Amino acid sequence: MAELPETPLLDELEKGPWPSFVTEIKQAAEHHEEARDLLGQLERSYRERIGHWKHGGIVGVLGYGGGVIGRYSDLPDDFPGVSHFHTLRVNQPAGWFYTSKALRDICDIWEEHGSGLTNMHGSTGDIVLLGTSTPELEPTFKKLTEKGFDLGGSGSDVRTPSCCVGPARCEWACYDTLGLTYDLTMSYQDELHRPMFPYKWKFKMSGCPNDCVAAIARSDLSIIGTWRDEIVKDDAEVRKYADNGLDIFNDVVLNCPAKCMKWDGEKLEIDDEYCRKCMHCINAMPKALAPGKDRGATILIGSKAPIVEGALLSSVLVPFWKPEEPYEDLKDLVEAIWDVWSEEGKNRERVGEFIQRVGMGNFLEAIGLDPEPEMVAFPRENPYVFYDLSEDEDEDE
Amino acid sequence: MAEKVKRVTDIGPPHHDKLMPPICKENYGTWKYHEVLKPGVMVHVGATGDKLYTVRAAGARLVSIYRLRQFADLADKYCDGYLRFTSRHNIEFLLTYDANIDPLIADLAAMGVSVGGIGAAITSIVHTQGWVHCHSAATDASGVVKAVMDVVHPYFNGEKKLPGKLRIALACCLNMCGAVHCSDIAILGIHRKAPRTDHTQVAKICEIPNVVSACPTAAIRPTQVDGTPSVEVIEEQCMYCANCFTVCPSMPLNDPENDGVSIWVGGKVSNARSEPMFSKLAIPYIPNNPPRWPEVTDVILKLVELWAANAKPFERMGEWINRITWPKFFKMAGIEFQKEHIDDFKHAGLTFKRSTQIVH
Ligand code: SF4
Ligand code: SF4
Ligand code: SF4
Ligand code: SF4
């Protein structure tokens, strides 16, 4: 195998304490032409301060419309190893758990069929196998399925659902985030592999309002765990936190958004009727406080990055949902939303933008949900209210 | 005769039950509490007293299979073969014997991998592909991230303390794969010049009505150039979002002289204390200066230090700024307030100051 290219600029990024992606590429470049030419092309980008990739092309595996991102170099003569440099998105296990064997299976497949480079993981949550040529796609896919892995989503489909570590390791999980993620992933394989929507659709599952997978900021349907009874409290442990130097009055009580806590230096009182389930006090004293026992989730809809019409956060759709397998009520809701959005959504219109366009009130009507005060930060301020009285008139006749 | 192997599809991912350590299955949903033992190490305690130790190791998102195999070896050596990754690209080793913690950390250190990022700390930067793999990138991703993490590393490994969590994210264009817009500090690649339209190609490879409707500001109109159908861009109306480029490869915006990054601050996704917030513009533009983007790393370190010195315990960047007010933040950070800081897109009016509560 040929020598590694000279990379004086990238070499600067091998210095310093944080793990270096340049070292990773170099390691792969010892064995893979793709990685070697990636290194060369990237050095060129660093010199010229511009990327050298062409607009993606449509490539994939048989029968799937998503899961592969086509990528071609705009300098194929100089860097033939990256003339095709397609990426496979591989559906990660829920919670990103691996055995060393499963991890090695992936490595072995990618040693044989690709650049030897990965992202662990991509932004949506998939294992990203970075860089291979078109003829390698089918064999890679076949070997992945033999080892029990499948591709994730891309394009206008259900993107690979992802979740926080949840009940597998976190005492704050208010529902089974991994179970729900797996169930939705399996229930919607067709929607995940065969794009049929106006635009992408993301599901993200966080076990509590700390929202470790940023569901509220980047999923069309954000399912965030919460509870509706009293915070579980161990007064002796609260005292221990105080004794160990936690300033309960200033750092816990004054930070409560509901102003529903009292601390007299001895005992912490929580007026749960007004608690907003924000998690702050629990985060501050994990040994003393815990989410209540009547646990479930809030379902929110519509967050997205700026493209096309501006960024959105998700907003409340179902204030409290009690997740129970096989989650039929959730799936009915999801499918009702998909029906309306697929029918009336414009090309490249995320569901959040669709709701902005048609109005939340109309959207709720279309999917058969009643309006509830939890859905808004406050009721409308503007008096331009639409009424449709035509139906009443009909009844008079 | 060999039977033809059936091609299987739609099998989904492996079930997590097959991949998580037995202790996670046994304590599934019944964990009682956790404690941070030292930087990068925590213990989760189950209802029966079971203890699961987690060692969080620094992860570059871009990793080779050779590195992954090293992690697999360490998992075999210390964790009965079990490990996981976090939503922010870190590697978590899951141990049941606390005696294994320090030898594991020593082995990681020998590989040049530090541990940290738990609790009131800076952890790995969520980011995108940049020049490594994307056609839209206005900056690189991995390089900026590496340079920033190098300077804030003492806040990752616990050498320096912070009042609360600080989450940094980077996206190399406004598509924001990875939605960085609710981060304490967001680094966002931006273009600053309207697309260059290749009039000979538009009609051939793009659908003109799609291109016209892709533009959020209606800056694109159909036109004819030398008798060929194409589009024209009204440059004053263009805010360089690259929506048009996404649907039409003949309208690239990449431009080495004018591309660069912007810095946004004060966003959060957690519901703790305050509600989730978007990040807001702090620095409109910093030119790309590879390989180490010193202007970017300087300003981020300055912002981290400013927040660390002034925020109250638990207070996130945005909560601190909301308390002291934005004008005060600009003053303290020494950032000049410019026209670009004032929103002029939809609902911009809601961002104007509509009271006399001003810190003079
Ligand atoms: S979102 Fe909540 S339940 Fe899930 S890992 Fe984070 S803190 Fe735990
Ligand atoms: S969870 Fe939040 S709102 Fe509820 S008592 Fe604790 S700090 Fe207050
Ligand atoms: S943020 Fe933009 S440039 Fe970066 S990977 Fe995503 S689409 Fe590409
Ligand atoms: S970059 Fe955005 S604003 Fe400018 S012409 Fe293209 S779509 Fe319109």
Side-chain angles (χ1 to χ4, degrees), chain A residues 9 12-13 16-19 21 24 27-28 45-46 49-51 53 55 91 93-100 103-104 107 110-111 116-117 119-120 123 145 148 150 167-169 171 178 185-186 189 209-211 213-214 216-218 251 255 278-280 283 286-287 305-309 311, chain B residues 8-14 16 19-20 24 28-29 31-34 44 58 60-66 68-69 72 75-76 81 83-85 87 113 131 135 137 142-143 146 149-150 153 174-179 181-182 216 243 249 254 256 269-273 276 288 290-292 313:
Chain A
L9 292 173
E12 288 299 311
L13 288 168
W18 193 251
F21 70 103
E24 300 295 314
Q27 225 176 355
S45 285
Y46 268 62
R49 285 177 289 141
I50 193 162
W53 299 105
H55 212 279
N91 198 143
W96 297 289
F97 281 99
Y98 295 88
T99 57
S100 51
L103 204 54
R104 287 199 190 94
C107 293
W110 205 229
E111 172 102 275
L117 290 170
N119 291 145
M120 298 297 278
S123 307
T145 53
D150 196 349
R169 197 195 54 196
E171 68 271 25
L178 293 87
T185 307
M186 297 313 287
Q189 283 289 296
N210 283 329
D211 195 3
V213 289
I216 204 163
R218 56 200 198 113
D251 295 343
N255 271 322
C278 84
M279 286 300 290
H280 173 68
N283 292 340
K287 271 176 105 164
I307 301 302
V308 177
E309 296 280 342
Chain B
V8 294
T9 63
D10 301 282
I11 59 169
H16 43 277
L19 300 170
M20 68 173 68
C24 290
Y28 201 84
W31 293 103
K32 267 201 81 80
Y33 67 92
H34 75 278
H44 284 81
R61 175 175 112 130
L62 202 173
V63 287
S64 74
I65 55 172
Y66 308 98
L68 290 176
R69 284 177 182 148
D76 282 341
L83 73 173
R84 69 176 292 269
F85 291 79
S87 59
V113 179
W131 294 336
H135 61 292
S142 318
K146 161 72 176 148
M149 283 313 292
D150 279 342
H153 187 255
L174 269 59
N175 275 326
M176 282 196 199
C177 314
H181 53 294
C182 295
N243 265 311
N254 297 354
V269 291
S270 142
N271 286 274
R273 299 169 306 281
N288 278 323
R292 295 200 69 104

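In this text the structure is predicted, and so the values were computed from the model without any measurement. The basis for the numbers below is simple: all heavy atoms, side chains too, and nothing from hydrogens, waters or symmetry mates.
Listed options Asn119(A), Leu117(A), Asn210(A) were ranked by heavy-atom pairs under 4.5 angstrom with chain B; first place goes to Asn119(A). Of the residues considered (Gly95(A), Gly51(A), Pro209(A)), Pro209(A) shows the highest number of contacts with chain B, using heavy-atom pairs under 4.5 Å. Chain B forms more heavy-atom pairs under 4.5 Å with one residue of Gln27(A), Gln189(A), Met186(A) than with any other, namely Gln189(A). Considering only heavy-atom pairs separated by less than 4.5 Å from chain B, the leading option among Asp251(A), Leu178(A), Thr145(A) is Leu178(A). Comparing Lys287(A), Glu309(A), Arg218(A) by heavy-atom pairs within less than 4.5 Å of chain B, the highest count is held by Lys287(A). With respect to chain A, the highest number of heavy-atom pairs below 4.5 Å among Pro313(B), Ser142(B), Pro216(B) belongs to Ser142(B). Put simply, of Ala168(A), Pro93(A), Ser123(A), the one with the most heavy-atom pairs under 4.5 Å next to chain B is Ala168(A). When the candidates Pro276(B), Pro14(B), Ala75(B) are compared by the number of heavy-atom contacts under 4.5 Å with chain A, Pro14(B) comes out ahead. Per-residue heavy-atom pair counts under 4.5 Å with chain A were compared for Thr9(B), Leu68(B), Leu19(B), and the maximum is reached by Leu19(B). Counting heavy-atom pairs closer than 4.5 Å to chain A, the top-ranked of the candidates Gly29(B), Pro249(B), Cys177(B) is Pro249(B). No other option in Asn254(B), Ile11(B), Asn288(B) has as many heavy-atom pairs under 4.5 Å with chain A as Ile11(B).
With hydrogens and angles disregarded, a donor-acceptor distance shorter than 3.5 Å links the side chain of Asp150(A) to the backbone of Asp10(B). Side-chain atoms of Trp110(A) do not come within 3.5 Å of backbone N or O of Ile65(B) as any donor-acceptor pair. In this structure, His34(B) contributes its side chain and Arg169(A) its backbone to no donor-acceptor pair below 3.5 Å. Side chain of Lys146(B) to backbone of Trp18(A): a donor-acceptor contact under 3.5 angstrom is found. Side-chain atoms of Ser87(B) never come within 3.5 Å of backbone atoms of Val213(A) as a donor-acceptor pair (strictly under, hydrogens ignored).
For a residue to count as touching a neighbouring chain, one of its non-hydrogen atoms must lie under 4.5 Å from one of that chain's; by this rule His44(B) touches chain A with the side chain only. For Cys182(B), the part sitting under 4.5 Å from any heavy atom of chain A is the side chain, from C-beta outward, and nothing else. Residue contact with chain B, scored on non-hydrogen atoms closer than 4.5 Å, involves the backbone and the side chain of Met120(A) alike. Using a 4.5 Å cut-off between heavy atoms, Thr185(A) contacts chain B through its side chain alone, with no backbone atom that close. For chain B, the nearby part of Asn283(A) is the side chain; its heavy atoms alone come within less than 4.5 Å.
Aromatic rings from Tyr98(A) and Phe85(B) are positioned such that their centres are separated by under 6.0 Å.
Residues satisfying the side chain to side chain contact (heavy atoms under 4.5 Å, CB included) test with Pro291(B), not counting sequence neighbours, are Leu9(A), Glu12(A), Leu13(A), Tyr46(A). In this view, Ala137(B) and Trp131(B), Cys172(B) satisfy the side chain to side chain contact (heavy atoms under 4.5 Å, CB included) rule, not counting sequence neighbours.
The residues Asp76(B) and Arg104(A) are annotated as salt-bridged, a charged nitrogen and a carboxylate oxygen being separated by less than 4.0 angstrom.
Side-chain contact between Glu24(A) and Arg61(B) is absent, with no heavy-atom pair separated by less than 4.5 Å.
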